[in-house]
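Just so it is clear, the model here is predicted, and its values are computed rather than measured. Heavy-atom basis, side chains included; hydrogens, waters and symmetry copies ignored. Proteins get letters first, then strands, A, B, ... in listed order; numbering begins at 1 in each.
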2 protein chains.
Amino acid sequence: MSGDERSTAATQDSEEATAALAADGVQTVGNARPGGRTARTRAAVHKAVRELIEQNGETAPSILEVAARSGVHAATIYRRWRTPEALLLDVAVETVNEVSPIPVTGDLRADLTAYTHNLVTSTRRPGGLGFLNAMLTAARNPEIGPTGIQELVAPRLSHFQRMLDASGATELTPLDLFGLVLAPVYLGAMIGALPQAPDQTDREVAEIVDNVIAVRLYRSSPC
Amino acid sequence: MSGDERSTAATQDSEEATAALAADGVQTVGNARPGGRTARTRAAVHKAVRELIEQNGETAPSILEVAARSGVHAATIYRRWRTPEALLLDVAVETVNEVSPIPVTGDLRADLTAYTHNLVTSTRRPGGLGFLNAMLTAARNPEIGPTGIQELVAPRLSHFQRMLDASGATELTPLDLFGLVLAPVYLGAMIGALPQAPDQTDREVAEIVDNVIAVRLYRSSPC
DNA sequence: ATGCTAACGCGAATTGTGTTGCATTTTAGA
DNA sequence: TCTAAAATGCAACACAATTCGCGTTAGCAT
């Protein structure tokens with residue numbers, strides 16, 4: 001958040017998708033004015049949401065709570081985000097893009113290990129399942145639909161593609177990584193299967209990465 | 001639902017877990033009386049929930065809607081299930097146990113293929129993501145906690161264990177299947193990555209099963 | 001069959017959530 | 001600087017969700 005008030009500048013190429021969906025409540029009919037006060041209230045609301053999540057753990061904050069904490073009037077929040085789910089999704093997407101970079105060094109195992117370790121750690125934090133929940137809610141929302149979800153996911157998938165390209169892993173697709181890394185980590189966290197001790201985290205991460213390697217090997221030569 | 005009114009008889013060993021958590025609103029202080037009318041209203045409510053899900057797709061029904069449709073008074077539903085989430089979870093767990101059997105023939109690939117195919121198909125139905133959502137909500141509920149979730153999942157895991165035992169796949173654990181099969185299918189359905197054409201389903205299923213085989217081979221001999 | 005009481009139905013009361021009209025402030029452009 | 005309109009604050013409002021008290025029904029044990 002630093003000193004700059006304009007929090008509109010999120011991360012990399014995922015911004016359009018975020019703006020297109022999450023903050024869809026905005027009336028951009030005439031000439032929009034995203035600067036100044038608008039950015040300021042947006043930042044205040046986001047900040048309040050993050051703090052509330054930090055406090056309350058997995059219990060999602062209501063719009064009324066966010067309004068009280070941020071000092072922004074509830075009607076304003078309703079007008080801009082429409083529903084608590086949309087607000088949470090907006091914050092979640094922005095947070096993920098800030099917090100979970102996808103490394104591209106050319107060493108597949110190293111990249112995957114770094115990314116997975118980061119992912120596992122983040123799912124343990126209070127509200128760590130918030131992103132999954134926000135995505136799932138969006139996926140179940142008929143207003144958004146499959147197309148909308150894919151727009152949200154697309155930038156992450158393309159980053160995975162870069163990681164794979166850099167290491168020459170042509171046997172794998174971004175969707176494979178999604179299924180072999182993201183999916184088990186999130187659902188593992190969900191059923192509380194992830195180890196709590198930090199030293200066991202490394203073993204868990206290594207196992208997941210090994211699975212990816214195993215699939216890659218199997219596809220290149222089904223011995 | 002057949003002719004029998006007592007829907008209390010669910011499936012296999014997952015019943016205790018269901019009763020212990022989902023229907024926790026029941027006052028079992030004195031001498032309980034789960035038969036007769038109680039079972040009848042429970043059946044009516046469950047039936048209404050299923051029908052509403054079938055109609056409305058992914059949009060979760062409210063308690064008021066369920067009350068209207070089932071003919072059971074809303075206050076009664078509130079008293080027994082406390083929240084819509086608990087009700088949905090109750091129905092979801094029961095449905096899964098009825099709809100998704102875990103085959104045990106001794107042939108790992110065959111068992112996995114049958115199970116996965118069933119799973120993929122069920123996630124496509126209206127409300128197919130309802131179970132995932134119900135579990136996730138439960139996982140995020142502090143009242144339930146990690147212990148509660150594990151109780152819900154335990155019976156399924158033990159079934160997976162039987163499947164693995166029968167085929168001598170000692171390299172794999174039930175959690176592996178959870179991470180390699182359940183997780184990717186659910187999250188794949190979530191981001192709309194699953195193919196829609198029925199003939200592509202087989203390819204998708206085969207790919208997932210192959211992944212499991214690959215991991216098993218890799219662990220038995222990391223060539 | 002008879003009594004005890006859990007479970008239910010009913011309707012009112014309460015709370016919480018989301019909407020709308022209007023005055024005021026603030027932004028972006030002329 | 002000045003102006004049109006976008007964004008916000010405010011308060012009243014409409015509506016849905018949840019709880020409560022109380023009388024009635026119906027399992028279950030005796």
Q: Check nucleotides 20-25 of chain C for protein N or O atoms closer than 3.5 Å to its own N or O atoms and list the pairs.
A:
residue, atom, partner, partner atom, Å
C:dT25, O2, A:Arg37, NH2, 3.3

Q: Nearest whole Å is fine: how far is C:dT19 P from A:Trp81 CH2?
A: 15 Å
Q: Check step by step if side-chain hydrogen bond (donor to acceptor under 3.5 Å, both in side chains) holds for B:Thr95 and B:Arg50.
A: CA-CA 9 Å; B:Thr95 303; B:Arg50 288 195 178 122; 3.3 Å; yes
Q: At less than 4.0 Å, is any side-chain N or O atom of B:Thr76 found next to OP1 or OP2 of C:dG9? Yes or no.
A: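 It does, given that an N or O in the side chain of B:Thr76 lies less than 4.0 Å from OP1 or OP2 of C:dG9.
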Q: Does the pair A:Glu207 and A:Asn211 meet the rule for a side-chain hydrogen bond (donor to acceptor under 3.5 Å, both in side chains), with working shown?
A: CA-CA 6 Å; A:Glu207 193 169 298; A:Asn211 289 355; 5.5 Å; no
Q: Go through it in stages, so that I can follow the logic: the residues are A:Lys47 and A:Glu51, the test is salt bridge (charged side-chain N to carboxylate O under 4.0 Å, His left out), and I'd like the CA-CA distance, side-chain angles, deciding distance and then a yes or no.
A: CA-CA 6 Å; A:Lys47 183 161 175 281; A:Glu51 291 172 349; 3.2 Å; yes
Q: Hey, can you pull the residues of residues 51-74 of chain B with a non-hydrogen atom under 4.0 angstrom from DNA chain C?
A: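 Heavy-atom contacts with DNA chain C come from B:Val72, B:His73.
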Q: Please identify each residue that fulfils side chain to side chain contact (heavy atoms under 4.5 Å, CB included) with A:Gln150, with sequence neighbours left out.
A: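 If we apply the side chain to side chain contact (heavy atoms under 4.5 Å, CB included) test to A:Gln150, skipping adjacent residues, there are no hits.
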Q: Testing the basics here: between A:Ala92 and A:Ala134, what is the closest heavy-atom pair and its distance to 0.1 Å?
A: CB-CB, 4.2 Å
Q: Taking atom C1' of C:dG18 as reference, at what distance in whole Å does atom CD1 of A:Ile77 sit?
A: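 It works out to 13 Å between those atoms.
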Q: Check every atom of D:dA7, C:dA7, D:dT18 against the side chain of A:Thr38 and return the nucleotide holding the closest atom.
A: D:dA7
Q: With heavy-atom distances below 4.5 Å as the criterion, would you say the side chains of A:Asn141 and A:Ile144 are in contact?
A: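 Sidechains of A:Ile144 and A:Asn141: in contact.
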Q: Under 4.0 Å between a side-chain N or O of B:Arg40 and OP1 or OP2 of D:dG27?
A: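 Answer yes for this pair, as a side-chain N or O of B:Arg40 is under 4.0 Å from OP1 or OP2.
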Q: What is the distance, rounded to the nearest whole Å, between atom OH of A:Tyr78 and atom C1' of D:dC13?
A: 14 Å
Q: Counting the atoms with a prime plus P, OP1 and OP2 as sugar-phosphate, which does B:Thr41 contact under 4.0 Å by heavy atoms, base, sugar-phosphate, or nothing?
A: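 Sugar-phosphate contact only - B:Thr41 comes under 4.0 Å of backbone atoms but never of a base.
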Q: Any ion pair linking B:Glu58 and B:Arg125 (charged N to carboxylate O, less than 4.0 Å)?
A: no
Q: Once the angle between the rings of A:Phe160 and A:Tyr115 is folded into 0 to 90°, is it parallel (under 30°), tilted (30 to 60°) or perpendicular (over 60°)?
A: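 Perpendicular: the ring planes of A:Phe160 and A:Tyr115 meet at over 60°.
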